[in-house]
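One structure below.
Indexing begins at 1, ligand by ligand and atom by atom, following the structure's order.
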Amino acid sequence: MENTFSFSGYELPVGMSKLIWNFVPVSIESLSSSHELQSIMHISLPLQLYGAAVLGLLSHLCVFIRGEWHMQAPTILILYSILSLLIFLAEIRYGASDVVSSLSKTLLLASSYSTALFTSMVIYRKYFHRLRHFPGPWLAGATKFWHVYQCRDGRNHLLLERLRQQYGPIIRTGPEELTIIDPEMPGAVDGPGNNCSKAIWYDFLLPEIALNTTRSKRDHDTRRRIWDRGFSAKALAYYEERVVEYAETLEARIAELSRRGEPVDVSQWFYWFTFDVMGEFAFAKSFGMLRDEKWHIAVVMLRKAMRLLGPLSPVPWLAQIGFYIAPWMWVVRDWLAMLVWCRERMGERIQMTAAKPDVSHWLIEASRKRNSLEKDREWLNGDAVTIIIAGSPAAGLTLTDGRYIPGGTTIVAPRYSLARLESCYEMPTCFVPERWYSRPEMVRDRRGFAPFALGRYSCVGKALAMSELRFVTALLVSRYDIGFAKGEDGTSVLRELRDQFTAAPGALNLSFQRRGLDGQTG
Ligand code: HEM
């Protein structure tokens, strides 16, 4: 019989499952014969609690203080649960006589261990850590749970903006994390010559892996070369034909609504447009939302799942526990269902021959040529997720004014705040599109403007995204007079904005008045 260990659908790594498979019966067996164990059970309770506390302290100082543990979080949780169960069984057998006292003693030992472990972590983070001198909320430097709690409503962008006003441009937003709101950051972190790598947060897609989530520079560069082929001038010409078709469908829908005098929630319609286009490029199959005028179930799942990425992104270890130990839970279920959906569509896409090349065509063909289609499935599945939803330094970083950011720090450079810096823009909180063409003096420092990121990790789809933006804008602006619909004041689009890896804007109801051929509104 094969020795695997599965808990709530979570399959432990083979080595670990063998260890547990052998360890549990051997341990229970040894409970009934070990004299040493009997003598341990009869040590006085204070001494046992003291021993558990020392173990907690040592686990921090000798083990958890180094390296990354988020991917092992489910295994660690399962091992601790098994250990507690063994202590409980040993207590019943040799220690306290009844179940209730055995249980309370086990809980006491576990609490003593964890109190020492977490106290040691907090003391270290607050008084010895290399980031201890950076300003920020006291609790943020002690635990990332502070951040999870603060951005539970998906408004991390507003939280960071408030912190900037309170603490200045460099804020300690986590035990190992600095949020730096300085126009220099996009270039310093992502620009040429930097030595930064991706933060642990990017492991959220594992075991699937994608171009924008891989943390290995070598894997990224190899994969990026394949993606680049999918965005050559020739490939872009194929895509643009289809972008035009979808943009015209969008315009036809808007024309219908405008004829009926109905408001157009452009946030929703633009969402449907971009997702239909991306479905076509990822799976050679549109989501059909523009056609059906309703949300596709997979996109609904994706939107729900993206809510997980906002609040849980500061604690990737908790997300891993959710994925493996509680896959049935709330948004975790939506996230996993969305991954399964993408996996299945990618399976179908591999089997079909698309009439015209889509983005996936280049990725699949590259695997086919190398005869590694099956081996590359995790990449293909992960990249499919990237298409549809489409830094930390080991070494330190010195900013141009001499400020030093210690190595091993996760650096966050929030675009929302960068776009609102007085030092970069005149009237930074006002919507003045002219600043980007006829009034360049309104842009004081453009280094912070990097919506497609910079350097090796910059957006590979930038040319496609820009052609979608240009085409739809030109089409609508040339045919319609556009204004706020009745009852709309333009505030909810930002007020309801949610920060969840990509930004999810609130509703924006506009009225579209068709102009006649002479340019007059008709
Ligand atoms: C207005 C639309 C878009 C914006 C603002 C945007 C922005 C970005 C940003 C900021 C990144 C860096 C993300 C990170 O490092 O975590 C990125 C990466 C990426 N984007 Fe886009 N993107 C857009 C549209 C697209 C489109 C249409 C595609 C096409 C499939 C695409 C594909 C990608 C891919 C594959 C990456 C990963 C690149 C790499 O790691 O080498 N994006 N994008």
Is there a side-chain contact between Glu280 and Tyr239, using heavy atoms and a 4.5 Å cut-off?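 Of all side-chain heavy-atom pairs linking Tyr239 with Glu280, none is under 4.5 Å.
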Region of [X] that comes within reach of ligand 1 [heavy atoms, distance under 4.0 Å]:
X	result
Cys459	both
Leu211	both
Ala450	neither
Lys462	neither

Distance filter under 4.0 Å to [X] heavy atoms, resulting ligand 1 atoms:
X	result
Ala453	10 (C), 12 (C)
Pro451	5 (C), 7 (C), 10 (C)
Arg456	41 (O)
Lys198	14 (C), 15 (O), 16 (O)
Met278	27 (C)
His220	39 (C), 40 (O), 41 (O)
Phe231	29 (C), 30 (C)

With a 4.0 Å cut-off on heavy atoms, does Thr386 reach ligand 1?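 Thr386 counts as a contact of ligand 1 under the 4.0 Å cut-off.
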Has the side chain of [X] got a donor or acceptor atom that lies under 3.5 Å from a matching backbone atom of [Y]?
X	Y	result
Arg130	Gly408	yes
Thr214	Leu211	no
Arg215	Lys198	yes

Can you see which heavy atom on Leu418 is nearest to which on Tyr425, and at what distance?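 Closest approach of Leu418 to Tyr425: O-CE1, 3.7 Å.
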Looking only at heavy atoms, what is the nearest atom pair of Arg172 and Leu131, with distance?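 The answer is CD-O, 3.5 Å.
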Could you list the residues that satisfy salt bridge (charged side-chain N to carboxylate O under 4.0 Å, His left out) with Arg435, not counting sequence neighbours?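 Counting only residues at least two positions away or on another chain, Arg435 forms no salt bridge (charged side-chain N to carboxylate O under 4.0 Å, His left out).
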Could you check which of Tyr457, Phe281, Tyr202 puts a non-hydrogen atom nearest to atom 14 (C) of ligand 1?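 Heavy atom nearest to atom 14 (C) of ligand 1 belongs to Tyr202.
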Using distance alone, determine whether Arg224 and ligand 1 share an N or O pair under 3.5 Å.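 The answer is yes, given that Arg224 and ligand 1 share an N or O pair closer than 3.5 Å.
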Passes salt bridge (Lys or Arg N to Asp or Glu O under 4.0 Å), Arg229 versus Glu365? Steps please. CA-CA 11 Å; Arg229 269 178 250 156; Glu365 281 313 299; over 6 Å; no
Judged by modelled atom types alone, do Glu177 and Thr173 share a side-chain donor-acceptor pair under 3.5 Å?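 Yes, Thr173 and Glu177 have a side-chain donor paired with an acceptor closer than 3.5 Å.
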